[in-house]
Amino acid sequence: MAERERPDPAPPSSKEPARSAPRARLIARASGGVGLAAALTVLSGWAFDVPILRRIVPGQPPMVVLTAIGILMLATALLLGTGSGASRPVRRAGRWIAAAAAAVGIGGILQYLLPLPVRLDDWVQRLAFGPLKPGSGMALATAASIAAVAVGLLFQDAPRRWLRDLGTLATLWGFVIAAAGVLGYAYGLGALHQAGPFSRMALVTAVTLGVLAVGALFSRPTRPWIAPLLCAGEAGSPTRHLLPAVVVAPLVLGWLQLQAVRSDLIEAETGTALLMAVLTLWLAALVVRVARNIDRRAVAERRLRETLHGMNEALERRVAARTQELAEAQDALVQAQKMEAIGQLTGGVAHDFNNLLTIIRSSTDFLRRPDLPEERRRRYLDAVSDTVERAAKLTAQLLAFARRQALKPAVFDAGERIRGIAQMLDSLTGARIRIVTTLAEGPCAVRADPVQFETALVNLAVNARDAMNGEGTLTIELTCGRPKPSIRGHAGSPSPFVAVSVSDTGSGIVKEQLTRIFEPFFTTKEVGKGTGLGLSQVIGFAKQSGGDVDVASVVGRGSTFTLYLPQAEAGIGGEKPAPEPEGQALEDGDQCILVVEDNVEIGRFCTQILHDLGYSTVLTQTAEAALAEIEAVPFRFDAVFSDVVMPGMGGIELAKRLRALHPEMPVVLTSGYSHVLAGNDAHGFEFVRKPYSAEEVRKVLREAVAAKPKVRPAPAET
């Protein structure tokens, strides 16, 4: 089974281990270099018979060949395991060499524990130089230290944590043994270099093994003690300042105490007491220094917090002031945009209405001439009438854009309406434009205002005609049951919609203008050739009907406008036949209409129209007065013709009251604009828009009275 290389343990969240990694590996490689140099020097001394190279330190015992070989293996394994970018085979080779070093250490230990006929150190010594002298050889402490450091190198990349911890403890044990040997020589303690396990341990051996143990401990930078020792972080600086004082000072003081006792300068008990007193004072001074540092740091942190708190408050004040400035600037910008939009809207409306009023004013001036021929009089009257219709159409387009027009929705077949409009469009678009219609199979019912639906299609067709310069192909396509997609950032709908697409082969619309084409009075046509309200009417009608308008265009190839309207089931919402009246219906000449109009002039004109149509009238200026008239003589009126917007009680509330009190009485509402009507159609009542003609009033009243005729009781039999 292939061996899986285990990565180094994940470093802590702090960045200190990453900063200390290069230094830790440098220390480990330097330690390996020291061990390699010492081992090669000793082996060279034995090979070339140079005594000074065998002991390196003059006057000290030499390092035997077996010890030099073990140290050479440890140094090589350490260098292979800590190389920058070491590959997997290189690290594996380092572990095999560490295992060989562990075998050397274990062999040296066994020759002390077991009665073997051949000593391993003597056998290896004979291979390189000659037999060992009496009293020389590998010390038991040396063998244990080599084995411990080798086990640490072998387990430092183990897959299990407890094995890695075991390797670390083994390395520390090897360092302790080597350090004890060095202290034995430094203090002149026979028990640590002349007797027991240390009896044959050379000084160069103890120093070299201690250096290799330190290198093994630093070979993995992710170990927890590396960052405090090598980094300049929160713990690094105090550790590097305190560690020499805690470690070096007791060692030096202990050496001085031993030298003083051996020189008979002081007695052993006195030296021990002085050593303890000095150490106590030394540690107390360290504690005071640490406390002062902690206090200084606490004061600095408190000042820093106060400074940050003050900066935070200043920043919050600046942010609040800046936010207020931005809000005021935003309000000013919105107000400026509103005023610009109002100026554009009022300017366009004033321009178009002034043109219409000019025609009306000129026509009325001509009509005042006493000698005006009959033919010209009829022409001026027709001009006034046509201009009024154009003004009403302009107002309807404005209300459609604002989605405030009063719609009269009904369920109708969109295919039938498109067929009728397509026949009319031939004369509107001209002979050079080919009209193609693609309709859905079967009926395609829509619930919308039929008049506004036809107006929207005509506006789209006129725009397509102008985009094609009077020559091309106009395609009208009808599909049913389509979901409404997301249009201009608005959410779509999975409900079924009727989609009417109007495509042309014209010049197309540039991308920069696609977001503006539905704005009121925006037009790319020349001055005098368009009001810019056609597409505003289309999108206003679509939005108010619960749908939307999508547009796709390619410059030079044409545009496609798709009108989405909610689909309805055929037959739902259609007109119901009026119930047959019981008894004998009244004649038209006997009918009386209650007119409710707060504007005196409009009320007079309305009653005059009704008189000319053969109705008798009663005029009231408030809804409250109308209710009083009806309650006084309940059967006097055949219908109520009421304005919607009035002071006090409005026309809709009046109609609802009459529906509850006199459900048999027809109510016809009229208005030029009402947000109530725009939001909820006409609430089920008949409706006629202002300005209205006499023919429109006659038609709506006849239909209303026919639907709910007032009947006379049948004459009693004589």
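None of the values given here were measured: they were computed from a predicted structure.
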Does any part of the side chain of Val299, heavy atoms only, come nearer than 4.5 Å to the side chain of Asp295, both counted from C-beta? yes
Would you give the length of the straight line joining atom CG of Leu154 to atom CG of Leu163, rounded to the nearest 0.5 angstrom? 9.5 Å
Which atoms form the tightest heavy-atom contact between Ala202 and Pro61, and what is the distance? CB-O, 3.3 Å
Rounded to the nearest 0.5 Å, how far apart are CG of Leu43 and CZ of Phe48? 10.5 Å
Under the side chain to side chain donor-acceptor pair (under 3.5 Å) rule, what pairs show up with a residue in residues 49-72, not counting sequence neighbours? Asp49-Arg54
Minimum-distance pair of heavy atoms, taken over all atoms of Ile109 and Ala147: CD1-CB, 4.4 Å
Quick one: side-chain contact (heavy atoms from CB on, under 4.5 Å) partners of Ser31, sequence neighbours excluded? Ile27, Leu78, Val211
Exam field: side chain Arg482 to backbone Phe497, donor-acceptor pair closer than 3.5 Å: no
To the nearest 0.5 Å, atom CD of Glu313 lies from atom CG of Leu315 at 11.0 Å
Rounded to the nearest 0.5 Å, the CG atom of Leu183 sits from the CZ atom of Phe198 at a distance of 9.5 Å
Can you give me the closest heavy-atom contact between Ile177 and Ala144, atom names plus distance? CD1-CB, 3.9 Å
Within a radius of less than 6.0 Å around CZ of Phe155, do more than 12 heavy atoms belonging to other residues, nucleotides or ligands occur? yes
Note, Asp157 side chain near Arg95 side chain (heavy atom, < 4.5 Å): yes
Look at Arg303 together with Glu306 and state whether they make a salt bridge at an N to O cut-off of under 4.0 Å. no
Looking at every heavy atom in both Met63 and Val42, which two are closest together, and how far apart are they? O-CG1, 3.3 Å
When rounded to the nearest 0.5 angstrom, what is the spacing between OG in Ser199 and CG in Leu140? 8.5 Å
Side chain to side chain, Tyr112 and Pro197, heavy atoms closer than 4.5 Å: no
Quick one: side-chain contact (heavy atoms from CB on, under 4.5 Å) partners of Val555, sequence neighbours excluded? Val510
Are Lys543 and Asp548 close enough, and set up right, to give a side chain to side chain contact (heavy atoms under 4.5 Å, CB included), and what steps lead you there? CA-CA 5 Å; Lys543 288 287 189 180; Asp548 207 338; 3.0 Å; yes
Please report the shortest heavy-atom distance between Ser553 and Gly558, naming the atom on each side. OG-O, 3.3 Å
Between CE on residue Met138 and CD1 on residue Ile146, distance to nearest 0.5 Å: 4.0 Å
Name the residue from Leu79, Leu212, Thr208 that meets the side chain to side chain contact (heavy atoms under 4.5 Å, CB included) definition with Leu36. Leu79
Under a 4.5 Å cut-off applied to non-hydrogen side-chain atoms, are Tyr564 and Ile487 in contact? yes
Between Leu127 and Val65, is any pair of side-chain heavy atoms under 4.5 Å apart? no
Do you know the tightest heavy-atom contact between Ala102 and Ala150? N-CB, 3.4 Å
Quick one, Asp121 and Gln125 - any side-chain contact, counting heavy atoms below 4.5 Å? no
Hey, does the side chain of Asp122 reach the backbone of Leu132 with a donor-acceptor pair shorter than 3.5 angstrom? yes
Give a yes or no on whether the backbone of Arg119 and the side-chain of Gln111 come within a donor-acceptor separation of less than 3.5 Å. no
Side-chain touch Met201/Leu209, heavy atoms, less than 4.5 angstrom: yes
Is a side-chain donor or acceptor of Thr323 paired with a backbone partner of Val319 at a separation under 3.5 angstrom? yes
